[in-house]
Protein chains: 2
Amino acid sequence: MPAPKTRWKRRKEARPQELTAAALELFVERGFAATRLDEIAARAGVSKGTLYLYFESKEDLFKAVIREGLLPLLAEGEELMASMPGSASELFRAIVLRWWEIVGEGPIGGIPKLIFAEARNFPEIARFYADEVIERGKRLFVAVFQRGIDSGEFRPFDPQALVHIVISPLIMRVIWKHSLDCCGVTNVPIDAYLREYLDLTLRGLRRDPA
Amino acid sequence: MPAPKTRWKRRKEARPQELTAAALELFVERGFAATRLDEIAARAGVSKGTLYLYFESKEDLFKAVIREGLLPLLAEGEELMASMPGSASELFRAIVLRWWEIVGEGPIGGIPKLIFAEARNFPEIARFYADEVIERGKRLFVAVFQRGIDSGEFRPFDPQALVHIVISPLIMRVIWKHSLDCCGVTNVPIDAYLREYLDLTLRGLRRDPA
DNA sequence: CCTATATTACTGACCGGTCAGTTATATATA
DNA sequence: TATATATAACTGACCGGTCAGTAATATAGG
C-alpha cells in the first residue's frame with residue numbers, strides 16, 4: 001500500500017456539500033458562536049481558506065446550512081400531505097411518525113435547537129426560518145385539523161390557535177435530544193413518547209360524544 | 001448640582017445580587033458565550049475586576065445565576081402545591097396559571113432557553129438543572145396527575161410517561177418568548193394560548209365517558 | 001503522445017480585534 | 001492609619017477573515 005502521492009485533490013463540486021454537512025454537525029453540537037471555522041474546515045478535510053472560496057462569511061455558511069437542510073425536508077412533507085388519504089386522525093398519526101423518522105432521527109433535527117438558541121443574536125436568520133419553515137409547517141397541520149373538523153371527526157376549534165400547542169411536544173422532544181440527552185439526562189423512550197403523545201392529543205381534539 | 005464626591009461605595013452585601021441580576025438579563029438576551037463580563041459589570045454599575053471579587057469565573061457566575069433564580073421559584077411552587085385543595089383539574093389549572101405569572105412574565109423565564117442552548121457546552125450545569133429543577137417539577141405534576149387518577153377524574157395512565165408531553169407547550173412558550181418573539185415572530189396571544197392549552201390537555205387526560 | 005505553459009483549487013501563516021482573567025494602584029471606611 | 005473594597009490598565013490566548021504562494025489539473029504545441 002503506497003502512501004498517497006498527492007496531498008489533496010481538486011473537488012470543486014463536492015466541497016460545498018461537504019462543508020455544509022460538517023458545519024451542520026458542529027453548529028448543532030456547539031452552537032453558532034462556539035464553532036470554529038478551522039474545525040469545520042478540518043472536519044470537511046479542507047483548510048479554512050478553502051471555506052472562504054465557497055462561502056463569504058461564517059453567517060453565510062450558517063444560512064446555507066439551514067437552507068440545504070430544510071428545503072428538501074419541507075418539499076417531502078408537502079408531498080406526503082398531498083398523497084395521504086384516510087381519516088384526519090390517521091393522517092395526523094402518519095405525519096407525526098414520518099416527521100420523527102426524518103427530523104427526529106437525522107442530523108437536521110438539531111436545527112430547531114440552533115434556531116431558538118441563536119434567534120436573538122441573528123434575527124434575520126430567525127425571520128427566514130419563521131417565514132420558510134414555521135409558516136409552512138403550520139399550514140400543513142392546520143390543513144389536517146381542518147379536514148378533521150369538516151368531517152366531524154374533530155370538535156370545532158380554531159386550528160390556528162392550536163397548532164403551536166399541538167406541535168410543541170414534538171419540537172421539545174427534538175430540542176431535548178440535541179441538548180439534555182447529550183449530557184445523560186434522559187427522557188421517556190421515544191416509542192412510548194410518541195404513542196402517548198398521539199393518544200393524548202387525539203383525545204383532546206376529537207368531537208365530544210354528544 | 002455638585003459632582004458626586006465619591007467615585008464608588010463599598011457595598012459588599014449588595015454586589016453579588018446586583019451582579020447575578022445583571023448577568024441573568026444579559027445571559028438570557030445574548031446567551032452565555034456572547035455575553036461580555038465587562039458588560040455585566042457595567043450594567044451592575046461596577047468594574048470587571050469587582051466581579052472577580054465575588055465570583056471566581058464566568059462559569060461560576062453562570063451557576064450562581066441559575067441557583068439564585070430557581071431555588072426560590074421551586075420553593076414557591078411546592079408551597080403552592082401543598083396549599084391547594086380542590087379537584088385535580090382545578091389544581092392543574094391553578095398551577096399552570098400561577099406558573100405563567102411567575103416564570104412566563106418574569107426574567108427567570110429566560111433560563112430554560114439558556115439551559116437548552118448551552119447544555120452541550122456546559123454539561124455539569126445541565127445535570128444540575130435536571131436534578132434540581134426538572135426532577136422536582138416533574139414530581140409536582142406527577143402528584144397532580146395521580147390525584148386525578150385516584151379520584152377517577154382522569155383516565156388511568158402512567159403519570160411519568162405523560163409529564164414531558166403535557167408540560168412541553170408551557171416550556172416551548174417560554175422559550176419562544178425569549179427567542180423568536182424578540183425578532184418579531186409572534187405567537188398566539190397568551191390568554192388564548194393558555195385557555196386552549198388547558199382545554200386540550202384536560203380533555204386528553206379526563207376519564208372516558210363510559 | 002509528450003511536455004511546456006496556463007489555470008485554479010487549495011494551503012497555511014498571518015493580522016487585527018476581542019475578551020476572560022490578572023494585577024498594580026487608588027479610595028472608602030473602621 | 002490599616003485594610004477591605006474597588007478600579008482600570010494590562011496580558012495572553014483565541015478566532016474570523018485575508019492573501020501570497022503552492023500544487024493539482026487542463027490544454028496547447030511539437
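Reminder, nothing fancy here: chain letters follow the sequence lines and each chain counts from 1.
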Which comes earlier along DNA chain D counting from the 5' end, the contact point of B:Val46 or that of A:Phe32, where each point is its nearest nucleotide? B:Val46
Taking atom P of C:dC10 as reference, at what distance in whole Å does atom CZ of A:Phe55 sit? 12 Å
Report the distance from atom CZ of B:Arg30 to atom P of C:dC19, rounded to the nearest whole Å. 10 Å
Smallest separation among heavy atoms of A:Thr186 and A:Trp176, with atom names: O-CZ2, 3.8 Å
By the 4.0 Å heavy-atom rule, please label A:Tyr54 as base, sugar-phosphate, or nothing. sugar-phosphate
Select base, sugar-phosphate, or nothing to describe what B:Leu37 touches, counting heavy atoms under 4.0 Å on all strands. sugar-phosphate
Take atom CZ of B:Phe27 and atom C1' of C:dA20, then tell me their distance rounded to the nearest Å. 12 Å
What is the distance, rounded to the nearest whole Å, between atom CG of A:Leu26 and atom P of D:dC15? 13 Å
A:Leu61 atom CG is separated from D:dG17 atom P, nearest whole Å, by 10 Å
Quick check on the 6.0 Å ring-centre criterion: do B:Phe62 and B:Phe55 meet it? no
With heavy atoms under 4.0 Å as the rule, sort B:Arg36 into base, sugar-phosphate or nothing. sugar-phosphate
Need one value for B:Lys48: base, sugar-phosphate or nothing, where a base atom within 4.0 Å counts as base even if backbone is also close, heavy atoms only. base
Whole angstrom value for the distance that separates C1' of C:dT11 from CZ of A:Arg15: 11 Å
Please state how far atom CG in A:Leu53 lies from atom C1' in D:dG17, giving the value in whole angstrom units. 13 Å
For D:dT25, does OP1 or OP2 lie under 4.0 Å from any side-chain N or O of A:Arg11? no
When the ring planes of B:Phe92 and B:Phe141 are compared, do they come out parallel, tilted or perpendicular, using 30° and 60° as the limits? perpendicular
Does A:Arg10 have a side-chain nitrogen or oxygen under 4.0 Å from the phosphate oxygens OP1 or OP2 of C:dT7? no
B:Lys58 side-chain proximity, nearest of D:dA8, C:dC10, C:dA20: C:dA20
Enumerate the residue pairs fulfilling salt bridge (charged side-chain N to carboxylate O under 4.0 Å, His left out) with a member in residues 194-203 of chain A, sequence neighbours excluded, ordered by first and then second residue. A:Asp199-A:Arg203, A:Asp199-B:Arg155, A:Arg203-B:Asp208
Taking only side-chain nitrogens and oxygens of B:Thr50, does any of them come within less than 4.0 Å of OP1 or OP2 of D:dT7? yes
Taking C:dC10, C:dA9, D:dA6 as options, the one with an atom nearest any side-chain atom of A:Lys12 is C:dA9
Which listed nucleotide (D:dT18, D:dT7, C:dG12) is nearest to the side chain of A:Ser47? C:dG12
Compute the ring centroids of A:Phe116 and B:Phe116, then answer whether they are less than 6.0 Å apart. no
Value in whole Å for how far the P atom of C:dA20 lies from CG of B:Asp38: 7 Å
